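Below is the structure I would like to discuss, written out as structure tokens.
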Amino acid sequence: MAESVRRLLGKPGAVDLRPYTKLLPAIEAEEEGLRELSDTELTEKAIDLGYAELPYSPGDLVNLCAVGREAARRTLDERPFDVQLLGVMALLDGHVAEMATGEGKTLAGTLAAAGFALRGKRVHVLSVNDYLARRDAEWMRPLYKMLGVTVGFVSEESTVAERKDAYVCDVTYAAVSELGFDVLRDRMVTDVDDRVVPEPHVAIVDEADSVLVDEARVPLVLAGAAESMPADVEMADVVRTLKPRLHYEVDSEGRNVQLTDAGIDAVEKSLDGVDLYSEEDTSVLPQVNLALHAHVLLQRDVHYVVRDGEVRLINESRGRIALLQRWPDGLQAAVEAKEKVAVSETGEVLDSITVQALVMRYPTLAGMTGTAMAVAEQLREFYEREVAVIPSNKPNIREDHGTRLYATREEKEDALVARVKEVHTTGRPILIGTQDVAESELLADRLREAGLESVVLNAKNDADEASIIAEAGTHGAITVSTQMAGRGTDIRLGGSDMADRDRVVEAGGLFVMGFGRYPSSRLDGQLRGRAGRQGDPGDSIFFVSMDDDLLVNHAPETTGFQTTAEGEITDEAWLGMVDHAQRVSEGQLLEVHRNTWRYNKLIDVQREVVLEHRELVLSGDEGDRHIRADRKERHEELVEELDAEKVARAARLITLYHLDRGWTDHNAFLSELREGIHLRFLGRRDPLDEFNREAVPVFKGFLDEARARAAAGFEELEVVDGELDVSSVGVKRPTMTWTYMVHDHPFSSALETLVGRLKGGRGSSSDTN
């Protein structure tokens, strides 16, 4: 009934599954005949599907699903359920398929990818990390082979040659970040043959909510070598001596810190009487404030870990190490100075692309996840994708208990430990979800004190997360996990080999406990969903306290409640406050997503103009044609002295350089503009309108200016040993480039506001350094 009402009202999540369901009997009817075919004959039958156009007709869908089911049975010893085939058909129609944990999303995605590939489409299956990309490509390779489809994968360790080989395949698996970095590098090549990523056709996004929503606003950055910014160890030592409330104050939300008058005096004294507010030297105060921010607001094992002598950020949405992710401007160096590790190299941003812009390049976009409905509005608003809710193969019998609310963290901790102890006596495996690394380790210590040994899965040991989470269903196991570390790996009752399954089922299955509610109900749902897969028994419960960040930051009131002797708050009104705080948090996250999308929309339009012109220069004769028109005499002179091919190459290199140099400078301008644009709020003006109003005129004439600079450079070209020396006119590429990720919160970010204030509007891009 609810689904019918949603369809009637045109609400997200209203994809009608009935046309797919009607095909299931016909698919099953094909099964017996297909089993009589040889492997070669089955492959030929799959390849025959490639002679028609997309979208698949009902008859072709029946054939694809039937052949795919038989191929999976032969190669993987897995016969896809009917509900998995519904997922396949939904993906082929470009929907986001919501399939519960353990329902076989990987196999459904494989058959859909093969379905697109058989029709001549190049398919990229995007995952959240390298491990899953490699695992799924290798796991599904026999199935792809039987269907006549080639498959490859890209990882952080892949060489250029390996990347080219992987992208040539019909289906390529890659972490979304790695694909993005390859796209960025391709945008800087000066020879067509150096590109590795082919023209995009189809993207199937695994863990679609994580990629398309949680990471949508994350800019993937390509940087080039520039002057390094040394870590100011002296400044880190100075702020380390300051005392809270006496020398500095932190705002109520814990997002900003500033020196008091006493703090200013103390710092100036420590720095040999320097005047922090001197107009002659404005560089000291920003360094002090960055060091203070690093020391006070960024906590080790919460916001970052130190591993192998490096500061590595923790991904907020997954609780695992964020590879190559950095803080903007000098903050990264400040944290490195705080931790007394070697400073990492800095550079200028050559180009960047958000995850959202990256996936929007694909003419066909589909996805799958266990929690799509919770973000259905965003998927429709930002991607024009609808959610197809696929029913589970077996009824979900997991029991979800209500939230237990306590006055303090200590009382919450006591209650959770007591519940763990009680459940552990039955032999049931227990999975505890925590908010961050420090919390997971403190909780593990607390459990140990109570005589309960646990395995900790967090950003410090994420390389082993798949093997650890795979054993979380073992009889008597207690696993403490940050956020959704290990996502993508099934927790099977009885362990990975299911040897003890019957005993664990009899005991009641996996018991999931949340040590605090997450900023999004969707993350709560993901944690709950680790239990109850494929009709397994299980339970879930969350423990919350009034001093949890979620309530402190988002609840209207956190005092005036009554508690039991154990510190529990049972009043329904206060319990409802937890849900309210979570809704407020979700609303803020959505607004950040909207602002990021709106801000980047203009940048994407301008970037596309540059890229289209760059393509004409790179693969055609646009550069040579323009320079021949603008510097006719010099062009003819060089052609006569050398040959036309050498002049054309020089024209291409010079033109590309000035296009790229111009975009780097323009990008820096836009970032600097954005750093201070939020202050327009004070004048009752819309920052986004103000940004567009100033950014649009500056871009006018961009291509003409790049053309003029290229022509001027060509005029001064020197011939050295019979070759045109483009370096003689300043054409020089970075000696090295690297990629990384940064968080992006336009207009309202406390960090960007801080950096913008410190630098007095003189800052460079928040995506650099």
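None of the values given here were measured: they were computed from a predicted structure.
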Enclosure of Glu645 CD (heavy-atom neighbours >12, cutoff 6.0 Å)
no
Among residues at least two apart in sequence or on other chains, which ones pass salt bridge (Lys or Arg N to Asp or Glu O under 4.0 Å) with Glu641?
none
Ring pair (Phe, Tyr, Trp, His ring centres under 6.0 Å) contacts touching residues 607-629 (sequence neighbours left out):
His613-His626
Go through the steps to decide whether Asp209 and Thr369 satisfy the test side-chain hydrogen bond (donor to acceptor under 3.5 Å, both in side chains), and finish with yes or no.
CA-CA 6 Å; Asp209 59 327; Thr369 180; 2.7 Å; yes
Using a 4.5 Å cut-off on heavy atoms from C-beta on, say whether the side chain of Val154 contacts that of Leu179.
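A side-chain contact under 4.5 Å is absent here.
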Check Arg733 with Asp660, please: is the shortest side-chain N to carboxylate O separation under 4.0 Å?
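Looking at Asp660 and Arg733, the cut-off is met.
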Pairing of Arg163 and Glu178 as salt bridge, 4.0 angstrom limit
yes
Would you please name every residue forming a side chain to side chain contact (heavy atoms under 4.5 Å, CB included) with Ala648, sequence neighbours left out?
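Testing Ala648 for side chain to side chain contact (heavy atoms under 4.5 Å, CB included), a comparison that skips the adjacent residues, returns Asp624.
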Can you sort out the partners of Ala357 under side chain to side chain contact (heavy atoms under 4.5 Å, CB included), two or more places apart, ordered by chain and number?
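Once residues adjacent in sequence are excluded, the partners of Ala357 under the side chain to side chain contact (heavy atoms under 4.5 Å, CB included) criterion are Ile353, Thr354, Asp604.
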CG on Asp194 to CZ on Arg185, rounded to 0.5 Å:
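Rounded to the nearest 0.5 Å, the CZ-CG separation comes to 12.5 Å.
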Tell me whether Asp351 is salt-bridged to Arg607, with the criterion being a basic N under 4.0 Å from an acidic carboxylate O.
yes
Is any side-chain N of the basic residue among Asp689 and Arg693 closer than 4.0 Å to the acidic one's carboxylate O?
no
Above 12 or not: heavy atoms from other molecules or residues under 6.0 Å from CZ of Arg649?
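Not more than 12 within 6.0 Å, no.
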Short side-chain donor-acceptor distance under 3.5 Å, Tyr167 and Asp182:
yes
Output yes when a side-chain donor or acceptor of Asp630 lies under 3.5 Å from a complementary backbone atom of Ala711, and no otherwise.
no
His593 versus Glu381, side-chain donor and acceptor atoms under 3.5 Å:
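Absent: no donor and acceptor within the cut-off.
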Once you round to the nearest 0.5 Å, how far does CG of Asn667 lie from CD of Glu348?
10.0 Å
Are Lys700 and Glu705 ion-paired here, with the side-chain N under 4.0 Å from a carboxylate O?
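A salt bridge is absent here (no side-chain N lies under 4.0 Å from a carboxylate O).
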Quick one: do the His124 and Tyr362 side chains pair a donor with an acceptor below 3.5 Å?
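Note: His124 and Tyr362 side chains meet the donor-acceptor criterion.
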What I'd like to find out is whether the side chain of Arg634 reaches to under 4.5 Å of the side chain of Phe714, using heavy atoms alone.
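Heavy-atom side-chain distance check passes, below 4.5 Å.
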Give a yes or no on whether a salt bridge exists between Glu386 and Arg380, defined as a side-chain N under 4.0 angstrom from a carboxylate O.
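Yes, Glu386 and Arg380 are salt-bridged.
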Determine the sole option in Leu659, Thr655, Val609 for which the side-chain contact (heavy atoms from CB on, under 4.5 Å) test with Arg614 is passed.
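Single pass found, and it is Leu659.
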Pairing residues for Phe702 by the ring pair (Phe, Tyr, Trp, His ring centres under 6.0 Å) criterion, not counting sequence neighbours:
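Here the qualifying residues are Phe699.
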Who pairs with Lys164 by side chain to side chain contact (heavy atoms under 4.5 Å, CB included), at least two apart in sequence or on another chain?
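Result, side chain to side chain contact (heavy atoms under 4.5 Å, CB included) vs Lys164: Val160, Val196.
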